[in-house]
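Any value given below was found using the heavy atoms of this structure, including those in side chains, with hydrogens, waters and symmetry copies removed.
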Amino acid sequence: MRAISALLLTMASCAWTGFWMENIRHQGLAPFNPDKSYVVFRNVKDFGAKGDGVTDDAPAINAAISSGNRCGGPSCVGSTTTPAVVYFPPGTYLINSPIVDFYYTQIVGDPNDMPIIKGAATFPTEAIAMFDGDPYLRNGYLNFQSTNVFFRQLRNIIFDTTDIRGNATALHWPSSQATSIQNCVFRLSSREGDIHTGIFMEEGSGGLVTDLVFIGGKYGARFGNQQYTMRNLSFYGCGTAIQQIWNWGWTYKSLKIVDCDVGIDMSSWDVGSVILLDSKFVNVKTAMITSRNPGNATGLGSLVIQNVVYQNVPVVLANPQGQPYLLGEANGAVADNVQGNVYAPRGPRLMEGRDFAFSQPPTLKTGDLYYERSKPQYGNLPASSFLSARDLGARGDGVSDDTAALNVLFQQVANTPYVAFLDSGVYKVTDTIYVPPNTRIVGEPLSAIIMGAGKKFADANRPRPVVQVAHPGEIGYVEMSDIIVSTQGATAGAIGIEYNLNTPAAESICSPGAPPSGLWDVHVRIGGFTGSQLQVADCAITPDQPNLVKANCIAGFMSMHVTPSARNLYMENNWIWVADHDIDDPRNTRVSIFVARGLLIEGTRIWLVGSSVEHHTLYQYQLVNATDVWMGQIQTETPYYQPNPPAPFPFTRLSHRLHDPDFAVDCSRPANPSAMTLSGNAPCSMAWGLRVLDSKNVVVFGAGLYSFFNNYSTNCSTVFSGENCQARIFWVGTTNPSIAHSLLAKEGEKGKLGHGPFTGGPGGFSVEVYNLDTIGSVSMATLQGYDMAMWDQNVATFASTLAVFKA
Ligand SMILES: *[C@@H]1O[C@H](CO)[C@@H](O)[C@H](O)[C@H]1NC(C)=O
Ligand SMILES: *[C@@H]1O[C@H](CO)[C@@H](O)[C@H](O)[C@H]1NC(C)=O
Ligand SMILES: *[C@@H]1O[C@H](CO)[C@@H](O)[C@H](O)[C@H]1NC(C)=O
Ligand SMILES: *[C@@H]1O[C@H](CO)[C@@H](O)[C@H](O)[C@H]1NC(C)=O
Ligand SMILES: *[C@@H]1O[C@H](CO)[C@@H](O)[C@H](O)[C@H]1NC(C)=O
Ligand SMILES: *[C@@H]1O[C@H](CO)[C@@H](O)[C@H](O)[C@H]1NC(C)=O
């Protein structure tokens with residue numbers, strides 16, 4: 001304790017000279033890199049970048065990114081052992097050739113005085129972008145497969161293309177889970193003859209972007225990806241603010257589009273669905289363009305608009321030929337809208353207009369808007385406010401036991417103005433790390449790993465959290481960001497994160513200064529990386545052997561548990577992943593790793609903004625007795641090995657405490673004569689993507705629930721095969737059997753869509769899902785055992801899409 005107090009004093013006496021991340025001691029490790037002198041943190045100025053607006057800084061910046069034998073270029077498809085943080089101090093960095101990103105790279109600028117990356121007038125107009133997140137190789141393929149672009153960030157940068165004449169794009173960003181762009185500005189030319197674009201994204205499985213400003217340009221952004229969550233983007237004076245190239249599902253929240261010709265052009269025939277929420281168009285000629293033909297009940301181009309204001313917008317929705325479907329409201333009135341198939345819970349009913357009454361639980365809002373809050377960057381704190389894990393004795397070397405050191409660190413910062421800083425490293429822990437109430441923790445971005453190992457995590461009958469945020473019943477506030485929680489080897493009893501904290505101050509979040517607690521970029525990653533002992537050599541796939549499960553590849557009881565005592569928790573950009581492949585294998589070879597449960601939510605007032613849960617055996621997301629839950633865009637994948645073995649194998653069902661699904665019962669439901677019957681012979685003992693029990697005020701703004709495989713073959717996930725990888729993927733219901741029986745009858749009597757207050761339907765629960773898209777599942781939505789929506793009623797892209805499911 002004395003040593004720590006002395007340390008606090010010395011640190012507190014340092015003078016403040018700028019952004020803490022620049023000034024802090026840089027002692028992050030990449031312990032599984034064979035080069036023991038590998039350096040994680042790089043300041044571009046240390047590599048010769050001048051930032052003077054005159055020198056061509058591209059070579060120096062590229063040296064900062066690539067140095068240390070990192071993963072880039074055609075010979076490397078992915079790596080977790082070469083993480084880097086590339087830091088830009090304030091300055092104008094002129095570039096005359098593209099900056100090329102490498103795998104597992106976090107690009108961070110000073111948020112207090114944002115650095116500018118400026119294209120020289122002589123920058124080559126044939127380059128794909130000034131900053132190329134994933135270059136095309138000569139063979140026409142991206143360097144990194146877009147769906148394998150994980151663990152990267154870009155923040156606090158101003159991109160400026162305005163000196164370039166002709167074609168220019170600021171950022172090329174194919175991207176997938178655990179990636180983000182935060183707080184960037186794009187200054188683009190709108191001159192005659194110039195085709196400038198802020199962001200070009202053509203592929204991937206993302207992801208999150210927040211807090212961007214686009215000024216000028218022919219296109220603010222051109223986006224194509226499976227799914228994405230994008231929030232707080234502003235566009236000023238763009239030709240087209242957003243061109244939606246393709247998607248399965250997309251959630252836009254808090255857009256502000258001002259002085260543009262077109263807001264969102266989603267007229268491509270490859271656009272599955274768009275949600276537009278809490279947004280504003282001002283002086284825009286046409287807010288949105290769609291290719292949907294009125295009267296056509298296809299799932300393609302499903303559109304859900306909630307709480308959007310139009311000011312001086314003559315046309316709200318037009319077809320590609322410019323013919324308006326929907327004119328603006330003279331007085332700028334807010335108009336909600338649905339274009340697509342509605343199930344409430346029966347359907348489909350084709351809806352094309354303004355007559356759906358969305359529930360919009362006020363408990364999830366601040367004023368008019370659903371609550372949102374960006375990752376804190378602590379720009380106003382000096383370096384002396386951060387207590388480094390390594391300074392306090394944690395080794396982070398992937399070998400030493402850091403349990404005691406981390407527990408001491410978090411106790412030290414709790415209830416103080418200090419922030420715990422986890423330097424890059426792998427912190428092996430053999431028992432639970434307890435995060436007390438009133439603690440702030442930030443990791444060196446995405447390379448601070450807390451890895452549970454050893455026998456205390458090995459017993460499935462005595463599950464134990466690796467990281468526990470508060471004890472049940474404790475009250476207070478936490479902020480955590482940029483941290484990965486993992487396991488090593490056989491840990492059948494591990495719960496990645498158990499979250500128990502009650503944050504009561506947020507109960508009326510209309511009052512300023514009382515936010516919910518937050519977890520931003522806090523990920524759970526089980527296997528598939530060096531050091532996990534869950535790689536190709538350990539957990540090779542075995543499709544040709546029936547029901548084979550290697551005991552050393554059973555690696556978790558549950559990835560994350562938000563318990564009944566949890567209240568007021570904001571989560572953003574969280575990826576909860578049981579590895580399906582080995583990132584460090586040169587061919588990304590698949591692996592079979594078994595974790596029973598994904599994310600179980602039993603708490604109250606929970607926001608999940610941009611999240612993904614994949615490859616757990618029983619379910620990905622399960623809500624039990626939860627109240628006031630905002631989810632969007634969520635994304636899941638069923639384990640590739642199922643039904644070999646079938647769920648719940650190799651696990652046993654725990655019904656009493658955890659309300660695990662009962663596949664024996666679910667798969668023997670009698671056909672309901674009035675509901676649709678399930679076609680084909682799709683396997684039923686498959687993980688649920690989303691299962692909601694006894695929960696109220698649940699709103700889901702975009703859900704992509706995917707089942708691509710059976711026994712490692714993708715033959716089942718095509719339209720030709722009947723999308724029959726699994727029978728069902730999304731369940732809503734109640735544990736109360738008497739309510740269950742009267743459910744469907746009552747809905748039938750009401751016979752109305754979208755009516756009534758949203759405080760519990762006839763079954764004592766209430767769930768609204770917008771733009772649900774599924775792949776490989778015969779049924780899209782199952783209510784208390786009855787299949788209510790089928791894939792072939794909602795054919796859209798590679799996914800089937802419905803606009804609203806309400807129960
Ligand atoms: C600029 O881009 C447009 C379309 O995006 C293309 O047709 C044109 O050839 C490009 N011009 C140059 C000079 O690369
Ligand atoms: C939205 O983004 C802008 C620009 O980065 C930022 O100034 C603003 O605080 C953000 N708003 C919210 C609600 O986070
Ligand atoms: C409805 O839209 C789909 C998808 O574009 C198209 O294939 C189909 O021909 C359309 N049907 C009608 C009746 O217009
Ligand atoms: C799984 O697929 C393999 C071929 O990859 C086949 O040999 C095996 O019989 C299949 N097993 C089951 C249970 O379908
Ligand atoms: C659901 O939560 C309520 C309190 O919010 C509690 O009284 C009830 O016992 C819970 N039900 C179950 C099945 O856990
Ligand atoms: C998948 O379909 C292809 C083409 O029909 C067939 O050749 C192959 O054997 C199938 N694979 C499995 C595992 O069923």
Side-chain angles (χ1 to χ4, degrees), residues 32 77-81 145 147-148 150-151 177-178 398-399 426 428 449-455 457-460 463 466 484-496 523-559 575-598 612-620 636-652 686-687 707-714:
F32 295 111
V77 295
S79 160
T80 66
T81 62
Q145 194 188 327
T147 51
N148 195 41
F150 307 139
F151 305 117
Q177 292 85 0
V399 180
V426 179
K428 181 168 142 182
I449 323 287
I450 299 176
M451 182 172 77
K455 60 179 185 302
F457 298 114
D459 185 355
V466 177
I484 296 176
V485 176
S486 270
T487 60
Q488 182 178 58
T491 49
I495 296 172
H523 308 292
V524 179
R525 177 174 87 194
I526 309 292
F529 66 96
T530 306
S532 65
Q533 297 173 9
L534 299 163
Q535 293 188 267
V536 178
D538 316 288
C539 301
I541 67 169
T542 55
D544 49 349
Q545 298 180 57
N547 302 337
L548 179 69
V549 173
K550 293 175 190 145
N552 62 313
C553 298
I554 299 182
F557 180 87
M558 183 186 294
S559 279
W575 186 32
I576 297 177
W577 187 58
V578 179
D580 57 279
H581 68 277
D582 183 346
I583 298 175
D584 289 309
D585 177 79
R587 282 172 305 283
N588 280 335
T589 305
R590 288 191 177 129
V591 287
S592 283
I593 296 168
F594 299 84
V595 175
R597 302 164 188 86
S612 166
V613 184
E614 299 185 295
H615 315 137
H616 300 78
T617 302
L618 303 187
Y619 56 79
Q620 310 317 317
T636 70
E637 280 185 9
T638 301
Y640 300 176
Y641 54 79
Q642 285 179 343
N644 176 23
F649 196 79
F651 301 103
T652 36
M686 305 284 288
S707 186
F708 294 108
F709 295 86
N710 267 177
N711 184 28
Y712 284 104
S713 162
T714 55

task = Among Pro643, Pro650, Pro646, find the one that has a side chain to side chain contact (heavy atoms under 4.5 Å, CB included) with Asn547.
result = Pro646
message = Applying the side chain to side chain contact (heavy atoms under 4.5 Å, CB included) criterion to Ile593, which one of Ile554, Val578, Ile541 satisfies it?
response = Val578
Restricting to non-hydrogen atoms, name the atom on [X] and the atom on [Y] that form the minimum distance, rounded to 0.1 Å.
| X | Y | result |
| --- | --- | --- |
| Ala490 | Ala551 | CB-O, 4.0 Å |
| Lys550 | Cys539 | NZ-C, 4.1 Å |
| Ile576 | Ser559 | CG2-CB, 3.3 Å |
| Ala492 | Ala458 | CB-O, 3.7 Å |
| Leu618 | Pro648 | CD2-CB, 3.3 Å |

Are side-chain heavy atoms of [X] and [Y] found at a separation under 4.5 Å?
| X | Y | answer |
| --- | --- | --- |
| Val77 | Pro586 | no |
| Ile526 | Leu534 | yes |
| Phe32 | Val426 | yes |
| Ile495 | Phe557 | yes |
| Pro639 | His616 | no |
| Asn588 | Asn148 | yes |

Could you check whether any side-chain N or O of [X] sits under 3.5 Å from a backbone N or O of [Y], counting only pairs where one atom can act as donor and the other as acceptor?
| X | Y | result |
| --- | --- | --- |
| His523 | Ile484 | no |
| Asp459 | Gly493 | no |
| Lys428 | Ile450 | no |
| Asn711 | Asn644 | no |
| Thr491 | Ala555 | yes |
| Gln642 | Thr638 | no |

message = What I want to check is whether the side chains of Thr589 and His581 have a donor and an acceptor closer together than 3.5 Å.
response = no
As an exercise, state the distance from [atom1] of [X] to [atom2] of [Y], rounded to the nearest 0.5 Å.
| X | Y | atom1 | atom2 | result |
| --- | --- | --- | --- | --- |
| Trp577 | Glu637 | CH2 | CD | 10.0 Å |
| Ser707 | Met686 | OG | CE | 4.5 Å |
| Gln177 | Phe150 | CD | CZ | 5.5 Å |
| Met558 | Arg597 | CE | CZ | 5.5 Å |
| Ser486 | Ile449 | OG | CD1 | 6.0 Å |

task = Could you label the plane-to-plane angle of the His615 and Tyr640 rings as parallel, tilted or perpendicular, counting under 30° as parallel and over 60° as perpendicular?
result = perpendicular
ask   = Is the ring centre of Tyr641 less than 6.0 Å from the ring centre of Phe594?
value = yes
key: Partner residues of Arg525 under the salt bridge (Lys or Arg N to Asp or Glu O under 4.0 Å) criterion, sequence neighbours left out   = none
request  = Go through the steps to decide whether Phe151 and Trp575 satisfy the test side chain to side chain contact (heavy atoms under 4.5 Å, CB included), and finish with yes or no.
outcome  = CA-CA 10 Å; Phe151 305 117; Trp575 186 32; 3.5 Å; yes
task = Report yes or no: is the cationic atom of Arg590 (NZ for Lys, CZ for Arg) under 6.0 Å from the centre of the six-membered ring of Tyr712, at an angle within 45° of the ring normal?
result = no
ask   = Who are the side-chain contact (heavy atoms from CB on, under 4.5 Å) partners of Gln535, not counting sequence neighbours?
value = Thr530, Ser532, Asp538, Asp582, Asp584
